[in-house]
Structure formats: C-alpha cells, structure tokens
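Working notes for the structure below.
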Amino acid sequence: MLKISERDLDHELVLRAQNGDQRAFELLVVKYQRRIVRLLSRMIRDQNEIEDVTQEAFIKAYRALPSFRGESAFYTWLYRIAINTAKNYLSTLGRRPILSAEYEDEDGDTVDAAALVPDFHTPETELSNKQIVSTVNEAVDALPDELREAITLREMDGMSYDEIALAMDCPIGTVRSRIFRAREAIASRLRPLLGDVGKDKRW
Amino acid sequence: MSEKISALMDYEVAPQDIAAVVDQLLASAEQQAQWHRWHLARDVIGQPHLAMSPDFMQKFAAKLAQEPVVIAPHRLRPRPSQWMPLAAFASVVFVGLLAWQLTLPSALPVDVLAQQKPVEIKSAEISPYLAAHRDGFSNPLASEQFAQAHFEAGEQH
C-alpha cells in the first residue's frame, strides 16, 4: 500500500491551520512539544523556563505560519524558530546558551548535557510526571502479550506495520488493530490522571 | 474511525485517505483528547525519563486562543498526489512523441534525402568568425576538433 510520510501528515495539518483552524496547529504542538522541550533543555536548565520558551516558540511559529511554504519539513522549520527563541531569551538575560552536548562540570569531569534531566522546581510537576511514567509502564506491562509486543515494536523500535506483520507473522490489519487496542488500553489509564473528564475537554 | 486515527499517527494511511482522516480528527474533541493521550504514551514509552508539566497544552491553548487567527489559504500547496500518475503518463507520452519526431527524417526513403540540396558553407566566409570565437579559454568553439567537423561538412559538397 502506498503510504503517507511524516511530512505529508504535518503538511496536511499546516494546511488546515493556514486556513484558520487553530486546533490543527494544536495537534502539531501535541506532537512536537516534547521534542522541542528536549531540544531546549540542552540550552536552558530550569524546567519552568524551558516550558515558557517552548510555549513562546510555538506562538512565534503560529504567527509565522503564513510564511511556511513547505520547502522544508515542518519540524526543521520549527526547530530553527525554537533555537532562535531560546537564544534571544538567553541573550536578554545576559546568559550564554549551553550549545555543546558535552561540557565539563565543576570537577572537570565531562558531562553529557543531553543525559541531564531538567531541574524541577515544582514538586507537583515532578510527582505528576512520575505518576504518568509509572501509569504508562504499568499499562504496557498489563497488556496481553500480542498487544504489548505490537506497541513496543512500534513505539520503541519504530517499526512500520509491514515490518511488525513480518515479525509477528500476522496480517497488517491485525497489526493495525493490536496497536490501536494497546493505545486505547493505555489511554484509559491515563484519562483520570490527566483530568480528562467533561465534555469537549481536549487537554 | 479511531483505528484510522491511530494508523494516521504511524503514517500508515493511504495518501488519498489523509484528508478524510484529518477531517474526522478535527471534528471530534474526544478524538483530539485521544491524540494527546496517545502521543503522551508514545513519548513515555520511547523516552522514559522525559517529563513535562501535564497542563502544558492547557496553558498553550489558552495563549493560542488570544492570537489573531492565521488565515493564509493556499500558502502551502495541497498534495498533488492524485495527478501524479497522470503527469508521469503525460511525460512518458511527450518523450515518446519527441523520440518519434527526431527519428522521423531517417525513416524517409534514401532518394528523398539525396534530392535535398546540401547547405554550402564556404570556409572563407566563416573563418574570421570562427577565429574570433576561438579566442578565450572557456569557449567550446576553441576546440580544434569541433571547428574541424564543421569545415568538413561544408567542404564535402
């Protein structure tokens, strides 16, 4: 089957956002928020600051959306906006960005900046994040074997449905259904944690 | 339908179906909430130590709602996928026609070719021109062989 690419999906959502649908842009933010946070955590240490700059970067991207012509992938375009937003933020504070992935700490030891978990100044955030991580992991562990295998091959190993079908020796339709059912089971455990109750509440 | 949205997240959707699946996703608040939960699960499974405030999207959506709505229709060209096979076919036809036209003269009978008057080029008339163009390093006419070929063609008749 001829399939879409990541770029096709992003461009479809950009197209909708360019036609005035803000929800389409929010779906892109949902998709890329953590990637941008991870990127900016290499330049900024404080978790609250990282999220503020991430939010600002997305707002800037939204304002600049009419200039996005699709010559590059959406993420490449967003990446540049995020880096520039962070650099501007740090320069107004008179701070220098940590740009290298590795740097020396106070004792002269080399530290991998990417491996550092950002600082958490709010214990509530840290607690709820721990809850989310443990809830997802418990939900995955509780899945029937064939659902757990399918979702793990997809999300951890990044395999396509074709590849998973070969690995699990089953039709592609079965792979699609198993991944969907695994996601439903995990999401049902996340739902109370995220406070997703009430009509029309999306996040 | 949710299963198709799950497949959309994995890019396991046919190009002709993408618009319809995105329409469905945008039409339902519950599907969008699922999109959020599924991406959260994806990020946790793939990147176990990555954490964010759970209310990030709530705060972002509130801020986005204050922005003037962007309207820039057709800035991004919609996917041309449905015309692709037609365009490919058209270019194959064009190349075929071109090839046919180019090979057409050789298909003519030999006596027709013989009746055609050869073009006479007197080397004396064009030699100053050629000489002038032989100067210069990057000039393709500066090549002795290239000029020679033209002289031969002219002097044969």
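None of these values were measured; they are calculated from a predicted model. The chains referred to below are lettered A, B, ... by the order of the sequence lines, with proteins before strands, and numbering in each begins at 1.
- Closest non-hydrogen pair, A/Val37 versus B/Met52, comes out as CG2-CE, 3.5 Å.
- Separating the CG atom in A/Asn137 from the CD1 atom in B/Ile45 is a distance of 8.0 Å, to the nearest 0.5 Å.
- With rounding to the nearest 0.5 angstrom, the OG atom of B/Ser28 is 9.5 Å from the CZ atom of A/Arg23.
- The parts of B/Glu12 that come within reach of chain A are both its backbone and its side chain, each placing non-hydrogen atoms under 4.5 angstrom from that chain.
- For A/Glu26 and B/Lys63, the salt-bridge test fails: no basic side-chain N is under 4.0 Å from an acidic carboxylate O.
- For A/Tyr89, there are no ring-ring contact (aromatic ring centres under 6.0 Å, His included) partners two or more places apart in sequence or in a different chain.
- A pairwise comparison of heavy atoms in B/Ser53 and A/Gln47 identifies N-NE2, 4.3 Å as the closest pair.
- In terms of heavy atoms, B/Ile18 sits closest to A/Asp8 at CD1-O, 3.7 Å.
- Under the 3.5 Å distance criterion, the side-chain polar atoms of B/Trp35 are matched with a main-chain donor or acceptor of A/Leu27.
- Residues meeting the salt bridge (charged side-chain N to carboxylate O under 4.0 Å, His left out) test with A/Arg189, sequence neighbours left out: none.
- Aromatic ring pairs are classed by plane angle as parallel below 30°, tilted from 30° to 60° and perpendicular above 60°; the pair A/Phe25 and B/Phe60 is tilted.
- Ion pair A/Arg16/B/Asp23 flagged as a salt bridge, since at least one NZ, NE, NH1 or NH2 atom sits closer than 4.0 Å to an Asp/Glu carboxylate oxygen.
- Residues B/Gln34 and A/Ala187 share a closest heavy-atom pair of OE1-CB, 3.5 Å.
- Rounding to the nearest 0.5 angstrom, the gap separating the CZ atom in B/Arg42 from the CD atom in A/Glu155 is 4.0 Å.
- Chosen from B/Lys59, B/Gln32, B/Met57, the residue pairing most often with chain A at heavy-atom distances under 4.5 Å is B/Met57.
- Only the side chain of A/Ile186 comes within less than 4.5 Å of a heavy atom in chain B; its backbone stays farther off.
- Nearest heavy atoms, B/Pro68 versus A/Tyr62: O-CE2, 3.6 Å.
- With a 4.5 Å cut-off on non-hydrogen atoms, A/Thr152 does not touch chain B at all.
- Using a 4.0 Å cut-off between charged nitrogen and carboxylate oxygen, A/Arg183 and B/Asp10 count as a salt-bridge pair.
- When all heavy atoms are compared, the tightest approach of A/Phe180 to B/Ser6 is CA-OG, 3.7 Å.
- Atom-to-atom distance recorded for B/Asp43:CG and A/Ile132:CD1 is 11.0 Å, nearest 0.5 angstrom.
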Open item on the list: Walk me through whether A/Val30 and B/Phe56 qualify under side-chain contact (heavy atoms from CB on, under 4.5 Å).
Closed with: CA-CA 9 Å; A/Val30 165; B/Phe56 178 86; over 6 Å; no
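- Listed options B/Leu40, B/Val22, B/Leu64 were ranked by heavy-atom pairs under 4.5 angstrom with chain A; first place goes to B/Leu64.
- Among the candidates B/Asp17, B/Val70, B/Ile71, the residue making the largest number of heavy-atom pairs closer than 4.5 Å to chain A is B/Val70.
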TODO: Let me see the working for B/His36 and A/Gln33 under side-chain contact (heavy atoms from CB on, under 4.5 Å), right down to the final yes or no.
DONE: CA-CA 11 Å; B/His36 186 218; A/Gln33 51 178 339; 4.0 Å; yes
